[in-house]
Asker: 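Below is a structure I'd like to ask you about.
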Amino acid sequence: MKDTPERLSHITISLHWLIALFILGLMTLGVYMSETASYGLYPTHKSLGIFIFLFIVIRVLWRWKNGWPKPVGQHQGWEQALATLIHWILILGTLAFPISGMLMSYAGGHGLQLFGWDLVSANLVDGKREVLDAGLAGAANSAHKTLLPIMLAAILLHVAGALKHHVIDKDNTLKRMFGFKNNSL
């Protein structure tokens, strides 16, 4: 099924909500880990980030192949421009979050593990972890941290826009994102 102004495909809806929930959960977990120095949670955070990255790549390829969903109704130019900007920030941010995290871990010598399975082994010299590239690890760390407030702002604007469509415009934008027919919700 192809996305239409009336209805989105099950793939579009599923990828949107799966990635949204994972990204929000990982952002929450990341803040918790950094605020509480809960180092034991880092392997879970990294594994979930690598896991969801696969679905993010699928979503980006899906979006590339199918284009962006068409707006439900007519909106002012500034609304369309803001919506386009927010959608681009969200899709690029969902790519940049796991990429920066993986680069940070790899360049820091930690390797990449997916639920205990080594995708890239840690860089161990005489049993101690050695940094591979401190500059790259630092840049990836900065990018990872900088993405948090940008993504939070974009998510809040995205949710506000969806609510505006539903409450003020009274169009079917939010309904179709939940997979409902136009007369439900």
Side-chain angles (χ1 to χ4, degrees), residues 1-35 41 44-102 114-115 143-185:
M1 176 183 166
K2 191 163 174 67
D3 293 338
T4 68
E6 295 80 33
R7 194 167 188 111
L8 298 177
S9 71
H10 295 297
I11 294 172
T12 295
I13 294 168
S14 298
L15 288 171
H16 174 273
W17 289 110
L18 176 72
I19 292 166
L21 293 173
F22 264 88
I23 291 292
L24 286 169
L26 285 167
M27 289 168 62
T28 302
L29 182 58
V31 169
Y32 176 80
M33 290 180 331
S34 63
E35 294 291 320
L41 294 173
T44 301
H45 179 81
K46 291 177 184 183
S47 291
L48 290 172
I50 291 169
F51 172 76
I52 198 60
F53 183 63
L54 169 68
F55 292 96
I56 291 167
V57 169
I58 291 169
R59 183 168 188 240
V60 168
L61 294 173
W62 179 257
R63 196 52 53 237
W64 188 6
K65 178 183 178 278
N66 295 292
W68 297 98
K70 301 287 184 244
V72 171
Q74 295 295 320
H75 303 287
Q76 294 188 33
W78 69 268
E79 290 175 305
Q80 279 299 121
L82 182 59
T84 299
L85 174 65
I86 296 303
H87 284 121
W88 274 106
I89 289 170
L90 290 171
I91 204 153
L92 293 174
T94 59
L95 273 170
F97 251 140
I99 290 171
S100 62
M102 289 185 284
L114 181 63
F115 302 111
H144 206 65
K145 288 179 178 177
T146 301
L147 282 166
L148 182 66
I150 294 168
M151 288 294 285
L152 281 174
I155 290 166
L156 288 173
L157 286 170
H158 186 63
V159 169
L163 291 174
K164 178 201 172 283
H165 279 286
H166 190 69
V167 175
I168 296 171
D169 299 340
K170 298 194 184 318
D171 68 27
N172 294 315
T173 300
L174 187 61
K175 292 176 186 176
R176 76 176 181 167
M177 205 58 240
F178 280 105
F180 296 121
K181 291 185 180 181
N182 293 344
N183 58 0
S184 58
L185 184 68

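As a basis for the values below, the full set of heavy atoms in this structure was taken, side chains included, without hydrogen atoms, waters or symmetry mates. In this chain, numbering begins with 1 at the start of the sequence shown.
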Asker: Got Lys46 and Met102 here, is their nearest side-chain heavy-atom distance under 4.5 Å?
Answerer: no
Asker: In terms of relative ring orientation, are His144 and His45 parallel, tilted or perpendicular, with 30° and 60° separating the classes?
Answerer: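 Rings of His144 and His45: perpendicular, over 60°.
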Asker: Taking atom OG of Ser47 and atom CD1 of Ile52, what is their separation to the nearest 0.5 Å?
Answerer: 13.0 Å
Asker: Once rounded to the nearest 0.5 Å, what's the spacing between atom CG of Asn172 and atom CZ of Phe180?
Answerer: 12.0 Å
Asker: State, to 0.1 Å, how close Pro98 and Gly49 come at their nearest heavy-atom pair, and which atoms those are.
Answerer: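 Where Pro98 meets Gly49 most closely, the heavy atoms are CB-O, 3.8 Å.
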Asker: Is the number of heavy atoms from other residues, nucleotides or ligands under 6.0 Å of Trp68 CH2 greater than 12?
Answerer: yes
Asker: Indicate the atoms forming the closest heavy-atom contact of Val167 with Lys170, along with that distance.
Answerer: O-NZ, 3.1 Å
Asker: Can you tell me how far CG of Asp169 sits from CG of Leu163, rounded to the nearest 0.5 angstrom?
Answerer: 11.5 Å
Asker: May I ask you to test the Thr94-Met151 pair for a side-chain heavy-atom distance under 4.5 Å?
Answerer: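 Side-chain contact under 4.5 Å: yes.
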Asker: Enumerate, atom names and distances included, each donor-acceptor pair closer than 3.5 Å involving a side-chain atom of residues 24-34, sequence neighbours excluded.
Answerer:
residue : atom : partner : partner atom : Å
Thr28   : OG1  : Leu24   : O            : 2.8
Ser34   : OG   : Gly30   : O            : 3.2
Ser34   : OG   : Val31   : O            : 3.1

Asker: Could you state the interatomic distance from CD1 (Ile58) to NZ (Lys65), rounded to the nearest 0.5 Å?
Answerer: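 So the CD1 of Ile58 and the NZ of Lys65 are separated by 13.5 Å.
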Asker: Side-chain contact test, heavy atoms from C-beta onward, threshold under 4.5 Å: evaluate it for Thr173 versus His166 and give yes or no.
Answerer: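 Side chain of Thr173 against side chain of His166, heavy atoms only: no contact under 4.5 Å found.
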Asker: Got Arg63 and Ile91 here, is their nearest side-chain heavy-atom distance under 4.5 Å?
Answerer: yes
Asker: Apply side-chain contact (heavy atoms from CB on, under 4.5 Å) to Leu15 and Ile11, showing your working.
Answerer: CA-CA 6 Å; Leu15 288 171; Ile11 294 172; 3.7 Å; yes
Asker: Quick one, Ile89 and Leu85 - any side-chain contact, counting heavy atoms below 4.5 Å?
Answerer: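 In short, these two side chains touch, coming nearer than 4.5 Å.
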Asker: List the steps and the verdict of ring-ring contact (aromatic ring centres under 6.0 Å, His included) for Phe51 and Phe22.
Answerer: CA-CA 10 Å; Phe51 172 76; Phe22 264 88; 5.7 Å; yes
Asker: So how far is it from Arg59 CZ to Leu95 CG, rounded to the nearest 0.5 Å?
Answerer: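 It comes to 10.0 Å.
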Asker: Would you call Ile56 and Ile23 a side-chain contact if the rule is heavy atoms closer than 4.5 Å?
Answerer: yes
Asker: So, do Phe53 and Ile99 sit near enough that their side-chain heavy atoms are less than 4.5 Å apart?
Answerer: yes
Asker: What pair of heavy atoms forms the shortest contact from Pro69 to Leu8, and how long is it?
Answerer: CB-CD2, 3.7 Å
Asker: Where do Thr12 and Met177 come nearest, in terms of heavy atoms and distance?
Answerer: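 Shortest heavy-atom separation between Thr12 and Met177 comes out as O-CE, 4.3 Å.
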Asker: Minimum heavy-atom separation for Trp62 to Ser9, with atom names?
Answerer: CZ2-OG, 3.4 Å
Asker: Once you measure the plane-to-plane angle for Phe178 and Trp17, does it fall in the parallel (<30°), tilted (30-60°) or perpendicular (>60°) bin?
Answerer: parallel
Asker: For Val72 and Lys175, run side-chain contact (heavy atoms from CB on, under 4.5 Å): C-alpha distance rounded to whole Å, both residues' side-chain angles, the deciding distance at 0.1 Å, then the answer.
Answerer: CA-CA 10 Å; Val72 171; Lys175 292 176 186 176; over 6 Å; no
Asker: So which heavy atom on Ala154 is nearest to which on Leu90, and how close?
Answerer: CB-CD2, 3.7 Å
Asker: How many angstroms lie between NE2 in His16 and CG in Leu21, if you round to the nearest 0.5 Å?
Answerer: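 Result: 9.0 Å between the selected atoms.
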